[in-house]
Amino acid sequence: MFRHRPLATAATALAALLLGTVALSGCASASSQLAVGATVAAGKHPVVAIVGDSIESGMGLEPFEAWPALVAVDRRWGLENFSQPGAGFVAVGATNADFNGQVDQAIAAKANVVLIGASDNDLGQDNASVAKAMAAAVERLSDALPKAHLIGYNALTGEASDSDLAPLNAALKQAVTTAGGKWIDLGQPYRGQLGLVQDDGEHPTLEGQQAIASVVLSKLDGIV
């Protein structure tokens, strides 16, 4: 397990992040501080790759306000967020690519940890085709990065229902756990919550991203 500071209460940790710094203990002195969005020196902290969509990329916000960046500052990760709006395991995103390109990037980065989520962008695609693409992507990651921690999680959404997402979540969970990875169920921390959803009805506000980060931190404690 990687060393990281003990999990603080969500309110205290994320309030500190929004102020632009976070106090660290364990792996740093009590006076050490790290600015939100700051780059962690390579070679000193685990490289963590994110394979995701517009929720992870922070659409409508600054990249450092997205939940992967908030979690990375708290955990002192070297973050490589490859997420792309519109992308899925089959769905093609803003850069005319699906998650395969992000998987290639995670492998090239020699990530120590890979977080990979299901995506509501794949809704409307053939479920069998999506499941096959998920299995292939996870297998590639597992084969290329045999020592990496592979962590899958459910699709995050502001609009889609749990029943609609269930087949996608189940397929990715199966692929990840079969490959020896871990699965974390994040629920839907911002969906339907006043002030946590942007006007488009789909993407989280800054407060919504904070809500996601709080859940992610609690779920990852004891894993990485």
Side-chain angles (χ1 to χ4, degrees), residues 37 39 42 46-72 77-146 148-160 164-165 167-176 178-179 181 183-184 186 198 200-204 209 212 216:
T39 300
V47 175
V48 179
I50 308 293
V51 176
D53 57 25
S54 57
I55 307 302
E56 286 71 37
S57 70
M59 178 170 277
L61 303 171
E62 296 295 334
F64 62 81
E65 295 174 323
W67 71 259
L70 299 179
V71 172
W77 287 346
L79 181 66
E80 296 285 357
N81 190 350
F82 300 121
S83 305
Q84 291 290 331
F89 286 92
V90 173
V92 173
T95 59
N96 201 35
D98 56 26
F99 279 2
N100 275 309
Q102 298 180 43
V103 169
D104 289 339
Q105 290 175 296
I107 292 170
K110 298 181 180 179
N112 304 113
V113 180
V114 180
L115 281 161
I116 185 167
S119 174
D120 62 1
N121 291 324
D122 283 323
L123 289 174
Q125 305 286 346
D126 177 67
N127 284 339
S129 297
V130 175
K132 183 177 180 180
M134 287 174 169
V138 170
E139 183 177 12
R140 283 210 296 133
L141 285 167
S142 180
D143 288 347
L145 302 170
H149 293 262
L150 179 60
I151 304 168
Y153 58 92
N154 59 287
L156 297 167
T157 182
E159 296 182 305
D164 286 341
L165 295 172
L168 302 179
N169 293 333
L172 184 57
K173 180 179 181 179
Q174 177 67 34
V176 169
T178 297
W183 178 260
I184 55 176
L186 303 179
Q198 295 182 37
D200 64 5
E202 169 64 6
H203 296 94
Q209 292 282 1
I212 298 169
V216 172

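Excluded from the calculations below are hydrogen atoms, water molecules and symmetry mates; all remaining heavy atoms, backbone and side chain alike, are included.
Smallest separation of non-hydrogen atoms from A175 and V138: O-CG1, 3.5 Å. A106 approaches L145 most closely through the heavy-atom pair O-CD1, 3.9 Å. Minimum heavy-atom separation, D143 to P146: O-CD, 3.6 Å. Residue L61 comes nearest to E65 through the heavy atom pair CB-OE1, 3.4 Å, listed as atom of the first residue, atom of the second, then distance. Nearest heavy-atom pair, P85 versus M59, reported as atom, atom and distance to 0.1 Å: CB-CE, 3.3 Å. The two residues G117 and F99 have their closest heavy-atom pair at O-CE2, 3.4 Å.
The distance from atom CD of Q102 to atom CD of Q84, rounded to the nearest 0.5 Å, is 6.0 Å. Between atom CG of residue D122 and atom CG of residue L168 there is a gap of 6.0 Å, rounded to the nearest 0.5 Å. Atom CH2 of W67 sits about 4.5 Å away from atom CD1 of I50, to the nearest 0.5 Å. Atom CG of L165 sits about 9.0 Å away from atom OG of S119, to the nearest 0.5 Å. With rounding to the nearest 0.5 Å, the separation of CZ in F89 from CD1 in I116 is 3.5 Å. Distance OG1/T157 to CG/D53: 9.0 Å, rounded to 0.5 Å.
Counting heavy atoms from C-beta on, the side chains of D120 and E202 come closer than 4.5 Å. Contact annotation: the side chain of Q198 approaches that of H203 to within less than 4.5 Å [non-hydrogen atoms, C-beta and beyond]. At a threshold of 4.5 Å between non-hydrogen side-chain atoms, the residues I212 and I55 count as touching.
Side-chain atoms of R140 do not come within 3.5 Å of backbone N or O of I107 as any donor-acceptor pair. Listed for the S142 side chain is no donor-acceptor partner under 3.5 Å among the backbone atoms of E139. Proximity of a side-chain donor or acceptor of N81 to a complementary backbone N or O of E56 within less than 3.5 Å is detected.
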- side chain to side chain contact (heavy atoms under 4.5 Å, CB included) evaluation trace for E80 with V47: CA-CA 7 Å; E80 296 285 357; V47 175; 3.9 Å; yes
- List the steps and the verdict of side chain to side chain contact (heavy atoms under 4.5 Å, CB included) for L172 and W183. CA-CA 9 Å; L172 184 57; W183 178 260; 3.8 Å; yes
